[in-house]
2 protein chains.
Amino acid sequence: MGTEKQRPVTLRTLADQLGLHVSTVSRVLHAKPDEGARAASGATVERIRKLADELGYRPNPHATSLRTRRSNLVGVLVPRLSDIVLATIYEGIEEAAAEHGLSTFVTNTRDVPEVQRARTEMVLGRRVDGLIFGDAYADGEFLASVAARGVPFVLVSRRSGEYPSVTCDDYEGGRLAAEHLLSLGHSRVAVIAGEPYASTGIDRTAGFVDAFAAAGCPVPESRIVHTPFDARGGRLGAERLLAERPSAIFAVNDFAAIGAIGAARDAGLRVGEDIGIVGFNDTPLAAELPVPLTTVRSPMHEMGYRGLSLLVRLMAGETVEPERLTPKLMVRASTTG
Amino acid sequence: MGTEKQRPVTLRTLADQLGLHVSTVSRVLHAKPDEGARAASGATVERIRKLADELGYRPNPHATSLRTRRSNLVGVLVPRLSDIVLATIYEGIEEAAAEHGLSTFVTNTRDVPEVQRARTEMVLGRRVDGLIFGDAYADGEFLASVAARGVPFVLVSRRSGEYPSVTCDDYEGGRLAAEHLLSLGHSRVAVIAGEPYASTGIDRTAGFVDAFAAAGCPVPESRIVHTPFDARGGRLGAERLLAERPSAIFAVNDFAAIGAIGAARDAGLRVGEDIGIVGFNDTPLAAELPVPLTTVRSPMHEMGYRGLSLLVRLMAGETVEPERLTPKLMVRASTTG
DNA sequence: CTGAAAGCGCTTACAG
DNA sequence: CTGAAAGCGCTTACAG
C-alpha cells in the first residue's frame, strides 16, 4: 500500500515466475476462453491465468498497438460537447466503444474548419483506427480529404454526400412538426433554421417547408432565418421573425426554441396561446420548462451507439449503409396552450 | 491520392533516404529549435528537418510511450458530459491539454461508484500519466485507493479532503446568493441542495444557510431538499418545498432552478414577483430564459483549464495547493421581478 | 505442447 | 558530429 509507482506486471514477469516463455504466456492470455486448449496444456493454461489474475496483469496497450498496428482507439470530433445534443450522442458512442474494447478521444472543433483540420491531424497522429465526425459540413470538402487518406470514418448527427452516417430522419422530423402545426390551423409560420452548413438544419427546414408548401401555405425566405444552434441564436432569430407576425415558429433545435420563447414573451405574446413554438430533439429540459415545449424527439444516444457500431463494421472491412433513425413528435403546451 | 493506407513514414524511412542512422535522426527531431546544434551538424539538421517535413513524418506515439514509459495521456472522469457544467469544464481541460501536448480520455461515470471504479481501471489500463476526477464523492474513500497506487490526480468541480483540486469557492457562492436575498428582504427561504455526496451542493448550501443564520433567519432542515442536479430534480424538489411557503428558493444548480421555476409556475406563482429563485453556475441558458435567472457565476472553463495545468505540475513532481476560484453574483429578473 | 526469434518504432547512454 | 546497441512489452509465424 505504498505510494510508489511499482513497475507494472508484464508478460515477462509472469513467464519468469512460471518458468515459461513469454510467447507461451502471450498465446494463452490471448486465447478466447474456450480455445485455451489450442494454446497450451490445460494445466499450464490454468497456472498462467491464475498468476495473471493474482498479479493483476494488464497488457501494455502501447506495446500491443506497436506490434499489431492497431490501436483500438477512435477519434470523435464534435462542434461542442457543451451542446447537450452532441454530449448525449457521445454518451452513446462511449457506451458502444466500451463494449467493443475501444477507447475514444473526443474533441471540440467549434465548427471552425481550421480547428477540424488541426484536431483531425492530432487524433490521426495518435494513430486512431477510425474517426467519427459529428461536425460534418454539408459540402463535404474536408471529408473528401480524409477519405483520400484511407482512414475509416462515419458521420453522426449530420450527414454529407454518400459518406456512411447515422442520423435522425431530419426531413421527416421537419414534416412532423409541420403536420402538427397544420393540424392546429397555422398557415403563417416561420423557421429558425440553424447554421446553413449543417444537414440537420437544412433537412429539418426542408421537410417543414415542403409540407407547408404541399398544404398550400408556402413559407417565403423572409420567414426563414439562420442562427447558431443555441438559446441566444434562437432569441435573435425570433426577434427578427416576429416582425413577420407568424402564428407559429419552428426552431430546428430545442435551445433555439427556448431563446425564441424568451423573445416571444418579451414581445408580450403568450406562448402556446398567442404563438406556437416547436423545437427539435426533445432534450430533457423540454418537458420541464415552465411552458413545456412541443418538440420532435431524435434518438441522440442511439445515434451515437449505432454510429460507433457502424464504424466497427467499417473497420472490419464491411460495406455499410447510412442509417436514418425515426423521429417522434412530442406534443406539449408550447403549441396547445 | 489513392484510398490505400500507405505505410506511415518512420525514422527509418528518413534515415535510409538520407544515409544516416535512425538515432541521429531521432536526436535531431527531438532537439528544441535552438539546441539543434547539439544533435548534429547544421547541414545535417537541415536535411533531416526538410525531409521530415516533406514526407510528413509523425512520430508513432505508441513506440515513444513504450520506450519512455510516458504516454502523454490523461484520463478524465465526469458524472455526465451531458451536464453542461461538466462539458464546459472539459472544454477547459481539453484546451489546456492541447497546449501541453497531452491527449485525454473522457468518460461518464454517472456518479455510480462501481462505474467510477471500472472506468478508472480502464483508463489506467490505457496507461494514462494522470487523472482528473470531476465526480469526486465527498467521502474520499475511492480516491484514497487511487492515491495508494501512486497515480497523480487532481479533482475539479468537487473537492474532497486534502486532495489537490480546482473548484469554485462554493461556500462563498452560497453566501453571495444569501446576501442578495437578504438584501431583498427575504427571511423565509428554501434550498434545493443537489446530491448529498457532492461538495458543490454541500458547500453552496452551507454558505447560504450560514449567512441566513447569521442574519437571524435560520433555515430549518425541512426547507432543504436533496435531488439530482437537473431540471427534473429541481422540479420535484421545488414541489416539495412549496408546501413550506418560502418566499425564495436557492437551487445549487441552474438546471434545478429551471425545474423549480416550472414548479412555481404550476403552483400559480409569478417568478420574480411572488417568489424569488436563484440558481448557480450561470450557464448560457440562464440569461436567455423567458424570466432571466439570477444566479451565481462559477468559472467553469477556467476550472478545467487550471485543473489540467495543476495536474501537469503534479506530474512534474511539484507540490501543489488546491485552488478556489471566485464566484460572482448575476442579478436578473427571477429575483427582482 | 512449448520455445526461440524477429520485429513493431522509438530513445538514450555510450563509444569513437 | 554520428553510429551502434540495447531494450521498452508485446505478437506471431515457425520449428521442434
Side-chain angles (χ1 to χ4, degrees), chain A residues 5-32 35-49 51-52 55-73 101 124-127 129, chain B residues 5-32 35-49 51-52 55-73 101 124-127 129:
Chain A
K5 205 170 182 171
Q6 61 267 24
R7 247 333 180 35
V9 179
T10 68
L11 287 183
R12 169 147 306 288
T13 321
L14 302 178
D16 287 355
Q17 285 197 34
L18 294 168
L20 290 167
H21 195 268
V22 293
S23 63
T24 308
V25 179
S26 173
R27 232 179 295 120
V28 167
L29 259 21
H30 242 130
K32 310 265 179 318
E35 66 180 22
R38 282 284 116 79
S41 72
T44 307
V45 169
E46 265 326 293
R47 290 171 61 218
I48 293 176
R49 288 201 179 137
L51 188 64
L55 266 41
Y57 170 73
R58 309 283 271 117
N60 182 317
H62 302 121
T64 304
S65 299
L66 183 58
R67 180 57 235 235
T68 62
R69 301 165 169 292
R70 255 198 138 250
S71 63
N72 292 121
L73 253 25
L124 251 22
R126 280 283 178 181
R127 302 299 198 269
D129 292 331
Chain B
K5 204 170 183 171
Q6 61 268 25
R7 250 328 182 38
V9 178
T10 68
L11 287 183
R12 169 145 307 288
T13 320
L14 301 178
D16 287 356
Q17 286 198 33
L18 294 168
L20 290 167
H21 195 267
V22 293
S23 63
T24 308
V25 180
S26 172
R27 233 180 295 120
V28 167
L29 258 21
H30 242 129
K32 310 267 179 317
E35 67 181 23
R38 282 284 116 78
S41 72
T44 308
V45 169
E46 267 325 294
R47 289 173 62 219
I48 293 176
R49 288 202 179 137
L51 187 65
L55 266 42
Y57 170 73
R58 309 283 272 120
N60 182 317
H62 301 121
T64 304
S65 298
L66 183 58
R67 179 59 233 236
T68 62
R69 302 163 168 293
R70 256 198 137 248
S71 65
N72 293 120
L73 254 23
L124 252 22
R126 279 283 177 181
R127 302 299 199 270
D129 293 331

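All values below come from the heavy atoms of this structure, side chains included, with hydrogens, waters and symmetry mates left out. Everything numeric here is computed off the predicted structure, so don't read it as measured data. Each chain gets a letter, A, B and so on, in the order the sequences are listed, and its residues count up from 1.
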Applying a 3.5 Å limit to both distances, which nucleotide forms a Watson-Crick or G-U wobble pair with D:dG3?
C:dC14
At under 4.0 Å, does any side-chain N or O of A:T24 touch on OP1 or OP2 of C:dC1?
no
Any side-chain N or O of B:T10 below 4.0 angstrom from OP1/OP2 of C:dC8?
no
Rounded to whole Å, please give me the gap between CZ in B:R47 and P in D:dT2.
9 Å
Can any side-chain N or O of A:D129 pair as donor or acceptor with the backbone N or O of A:R70 at less than 3.5 Å?
no
Looking at D:dC10, I'd like to know if its phosphate oxygens (OP1 or OP2) sit under 4.0 Å from a side-chain N or O belonging to A:S26.
no
With nearest nucleotides of DNA chain D determined for B:L20 and A:P59 from heavy-atom distances, which residue corresponds to the more 5′ nucleotide?
B:L20
Just to be sure I understand the rule, does A:S23 reach a base, reach only the sugar-phosphate, or reach nothing, if contact means heavy atoms closer than 4.0 Å?
base
Grab the CG-C1' distance between A:L18 and C:dG3 for me, whole Å please.
15 Å
Side-chain donor-acceptor pair present, A:S23, A:S26, cut-off under 3.5 Å:
no
In whole angstroms, how far is the P atom of C:dT12 from the CZ atom of B:R27?
11 Å
Counting N and O atoms only, with roles assigned by atom type, does the side chain of A:R67 sit under 3.5 Å from a partner on the main chain of A:S65, one being a donor and the other an acceptor?
no
Test log, rule side-chain contact (heavy atoms from CB on, under 4.5 Å), inputs B:Y57 and B:L11:
CA-CA 8 Å; B:Y57 170 73; B:L11 287 183; 3.4 Å; yes
Kindly say if B:H62 contacts the phosphate of C:dC8, meaning a side-chain N or O under 4.0 Å from OP1 or OP2.
no
If the cut-off is 4.0 Å, is A:R67 near the phosphate of D:dC8, judged by side-chain N/O to OP1 or OP2?
no
Taking the minimum atom-to-atom distance to the side chain of B:H30, which one of C:dC8, C:dC10, C:dT11 wins?
C:dT11
Rounded to whole angstroms, how far apart are CZ on B:R69 and P on C:dG9?
20 Å
Between CG of B:L66 and P of C:dG7 the distance, given in whole Å, is 17 Å
Give the rounded distance in Å between these two atoms: CZ of A:R70 and C1' of C:dG7.
20 Å
Interatomic spacing from CG in A:N60 to OG1 in A:T10 - rounded to 0.5 Å
9.0 Å
To the nearest Å, how far apart are B:H21 NE2 and C:dG9 P?
15 Å
Nearest-Å distance for atom pair CD/P, residues A:E46 and C:dT2:
13 Å
